[in-house]
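A short write-up of the structure that comes next.
Each chain gets a letter, A, B and so on, in the order its sequence line appears, and its residues count up from 1. The basis for the numbers below is simple: all heavy atoms, side chains too, and nothing from hydrogens, waters or symmetry mates.
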2 protein chains.
Amino acid sequence: MKIEDIAEYLKNNGIKPSYQRVRVFEYLIKNKNHPTVDMVFRALVGEIPTLSKTTVYNTLKLFAEKNIVIVINIEDNEIRYDADTSVHGHFKCEKCGKVYDFQFDEENLNIKTIEGFDFRQTHLYIKGICKNCKMNY
Amino acid sequence: MKIEDIAEYLKNNGIKPSYQRVRVFEYLIKNKNHPTVDMVFRALVGEIPTLSKTTVYNTLKLFAEKNIVIVINIEDNEIRYDADTSVHGHFKCEKCGKVYDFQFDEENLNIKTIEGFDFRQTHLYIKGICKNCKMNY
DNA sequence: TATAATTTTGTAACAATTTCAAATATGATA
DNA sequence: TATCATATTTGAAATTGTTACAAAATTATA
Ligand SMILES: [Mn+2]
Ligand SMILES: [Mn+2]
Ligand SMILES: [Zn+2]
Ligand SMILES: [Zn+2]
């Protein structure tokens, strides 16, 4: 998505594109780093000095309600956000802390014992050591 | 596992089987309800009036370190615990809040783009509506 | 028994998040 | 443009879940 299209995208999803909302969404699609609220706030408050952390909380919560971001709970002490809403997995490296995306075959999961349940969201999380950290230590 | 075997099981995993630790582990294997710290505390404080919530925190953290419980982060506002350490998935019903176990084929995930990474833990979480809630509403 | 080590307990500290009301910005109406 | 209504942002205070810590209690050792 291009920066110019963000306001339109928000509108199409029932969100009024205020300046702060556009800037938060822009941060997500530009960086793709699965940031926490604090990471978004610290990255933007330099350019938007009046920005409140409450606004970042409100904005990301609104985005999640409108389903234009995914909430990532791979770690119990931090909530991360992702503007890529397609089905994909997340790998968190226990050494460097980076969160990687990966693809997997949802159809082949062959899920048993919860037939007849309605699936709304699927999250696959893997923790371990990334290739880069394995080589450098 | 039988109640009588808990102390032995804790010992075999490097944990001194204090009264509180045995009772917390007993709760987990008897109920299999993926409880939060608060649920364990409220369930036990009636029978163990001197029990401190700090002890429940300490105990479950110790169990997790010694790998006799799994930490479940299916929701961002609650940490749940599971004494079943086998690989299995968790489904949380958005209506009744119950967390169900399910089996899946880990081998068939066909994970791409993170080749060469070391996998330490895999968590598969699904959220939706359970069969029971679908029928009753 | 005396002593040392471990565990439990309760309070205080801490950090993340939510609540809330005032201030600000935006949009509509006249 | 001026006025009014609505929506959004802001910052402080409140709340919540968790951790740190030191004293008290328990258990193990000599
Ligand atoms: Mn992602
Ligand atoms: Mn389970
Ligand atoms: Zn790494
Ligand atoms: Zn249900």
Side-chain angles (χ1 to χ4, degrees), chain A residues 6-27 34-66 68-69 71-81 97 99, chain B residues 6-11 13-27 34-66 68-69 71-81 92 97 99:
Chain A
I6 293 176
E8 196 62 29
Y9 183 70
L10 296 184
K11 268 189 230 166
N12 292 341
N13 286 277
I15 297 168
K16 286 200 184 171
S18 73
Y19 179 68
Q20 288 86 344
R21 288 168 179 171
V22 171
R23 293 302 303 275
V24 168
F25 199 79
E26 177 193 11
Y27 177 85
H34 309 99
T36 62
V37 163
D38 199 57
M39 287 164 73
V40 175
F41 175 75
R42 291 206 317 274
L44 292 181
V45 75
E47 294 175 57
I48 316 170
T50 61
L51 184 67
S52 164
K53 195 175 276 192
T54 301
T55 298
V56 182
Y57 275 106
N58 290 342
T59 300
L60 290 170
K61 175 173 284 192
L62 177 67
F63 288 174
E65 282 165 9
K66 299 293 187 179
I68 64 166
V69 301
V71 180
I72 300 175
N73 291 316
I74 195 167
E75 206 77 69
D76 55 22
N77 56 353
E78 61 182 24
I79 307 179
R80 290 168 171 266
Y81 296 88
V99 174
Chain B
I6 293 176
E8 195 63 25
Y9 183 71
L10 297 183
K11 268 190 229 165
N13 286 278
I15 297 167
K16 286 198 184 174
S18 74
Y19 178 68
Q20 287 85 343
R21 288 169 178 171
V22 171
R23 294 302 303 275
V24 168
F25 198 80
E26 177 194 10
Y27 177 85
H34 310 98
T36 62
V37 163
D38 199 58
M39 286 164 73
V40 175
F41 175 76
R42 290 207 318 273
L44 292 180
V45 74
E47 293 175 57
I48 316 170
T50 63
L51 184 67
S52 164
K53 194 175 276 191
T54 301
T55 297
V56 182
Y57 274 106
N58 292 341
T59 300
L60 290 170
K61 176 174 284 194
L62 178 67
F63 288 174
E65 281 165 10
K66 299 293 187 180
I68 63 166
V69 301
V71 180
I72 300 175
N73 290 316
I74 196 168
E75 206 76 72
D76 55 22
N77 56 353
E78 60 182 25
I79 307 178
R80 290 168 171 266
Y81 295 89
K92 176 159 181 175
V99 174

Handout entry: S18(B) side chain near dT8(C) phosphate (N/O to OP1/OP2, under 4.0 Å)
Key = yes
Practice task
Verify the contact: side-chain N or O of T55(A) to OP1 or OP2 of dT10(D), cut-off strictly under 4.0 Å; return yes or no.
Solution key: yes
Completion exercise
Applying side-chain hydrogen bond (donor to acceptor under 3.5 Å, both in side chains) to Y9(B) and not counting sequence neighbours gives none
Practice task
For the residue pair R23(B) and E47(B), establish whether any side-chain heavy-atom pair is separated by less than 4.5 Å.
Solution key: yes
Problem - Side-chain N,O (Q20(A)) to OP1/OP2 (dA25(C)) below 4.0 Å - result: no
Handout entry: Note, I15(B) side chain near F25(B) side chain (heavy atom, < 4.5 Å)
Key = no
Problem - Nearest-angstrom distance from the residue atom CD1 of I79(B) to C1' of dT17(C) - result: 14 Å
Practice task
Among dT19(D), dT9(C), dT7(C), find the nucleotide with the atom closest to the side chain of L51(B).
Solution key: dT9(C)
Handout entry: Heavy-atom side-chain contact between I72(A) and I79(A) under 4.5 Å
Key = no
Exercise for the section: Flag the pair Q20(A) / L51(A) as yes when at least one side-chain heavy-atom distance between them is below 4.5 Å, and no otherwise. Expected result: yes
Problem - Interatomic distance, R21(A) CZ vs dA25(C) P [rounded to whole Å] - result: 16 Å
Exercise for the section: Take the protein atom OH of Y57(B) and the nucleotide atom P of dT16(D), then report the distance between them rounded to whole Å. Expected result: 13 Å
Problem - Atom pair distance, as rounded to whole Å: CD in E75(B) and P in dA16(C) - result: 20 Å
Practice task
Provide, to the nearest angstrom, the distance between the CG atom belonging to L10(A) and the P atom belonging to dT8(D).
Solution key: 12 Å
Handout entry: Residues in contact with DNA chain C, drawn from residues 34-49 of chain B - heavy-atom cutoff 4.0 Å
Key = none
Practice task
Whole angstrom is fine here: how far is it from CG in L60(B) over to C1' in dG17(D)?
Solution key: 14 Å
Handout entry: Minimum side-chain heavy-atom gap V71(A)-Y81(A) below 4.5 Å
Key = yes
Problem - Sequence neighbours excluded, every pair satisfying salt bridge (Lys or Arg N to Asp or Glu O under 4.0 Å) that has a member inside residues 49-64 of chain B - result: D38(B)-K53(B)
Handout entry: Verdict with reasoning, M39(A) to E78(A), per side-chain contact (heavy atoms from CB on, under 4.5 Å)
Key = CA-CA 11 Å; M39(A) 287 164 73; E78(A) 61 182 24; over 6 Å; no
N/O contacts under 3.5 Å, protein versus nucleotides 25-30 of chain D?
none

Exercise for the section: Verify the contact: side-chain N or O of S52(B) to OP1 or OP2 of dT8(C), cut-off strictly under 4.0 Å; return yes or no. Expected result: no
Exercise for the section: Taking the side chain as every heavy atom from C-beta outward, state whether T55(B) and F41(B) have any atom pair closer than 4.5 Å. Expected result: no
Grab the N/O contacts between the protein and nucleotides 21-24 of chain D below 3.5 Å, and write none if there aren't any.
none

Handout entry: Sub-4.5 Å side-chain heavy-atom contact between T50(B) and I48(B)
Key = yes
Exercise for the section: Starting from P on dG17(D), measure out to CZ on R80(B) and report it in whole angstrom. Expected result: 13 Å
Problem - K61(A) or K53(B), whichever maps to the more 5' nucleotide of DNA chain C - result: K53(B)
Handout entry: Side-chain donor or acceptor of R80(A) paired with backbone N/O of H34(A) under 3.5 Å
Key = yes
Handout entry: Summary of salt bridge (Lys or Arg N to Asp or Glu O under 4.0 Å) pairs that have at least one residue in residues 10-22 of chain A, sequence neighbours excluded
Key = none
Problem - Distance in angstrom units between K11(B) NZ and dT7(C) P, rounded - result: 14 Å
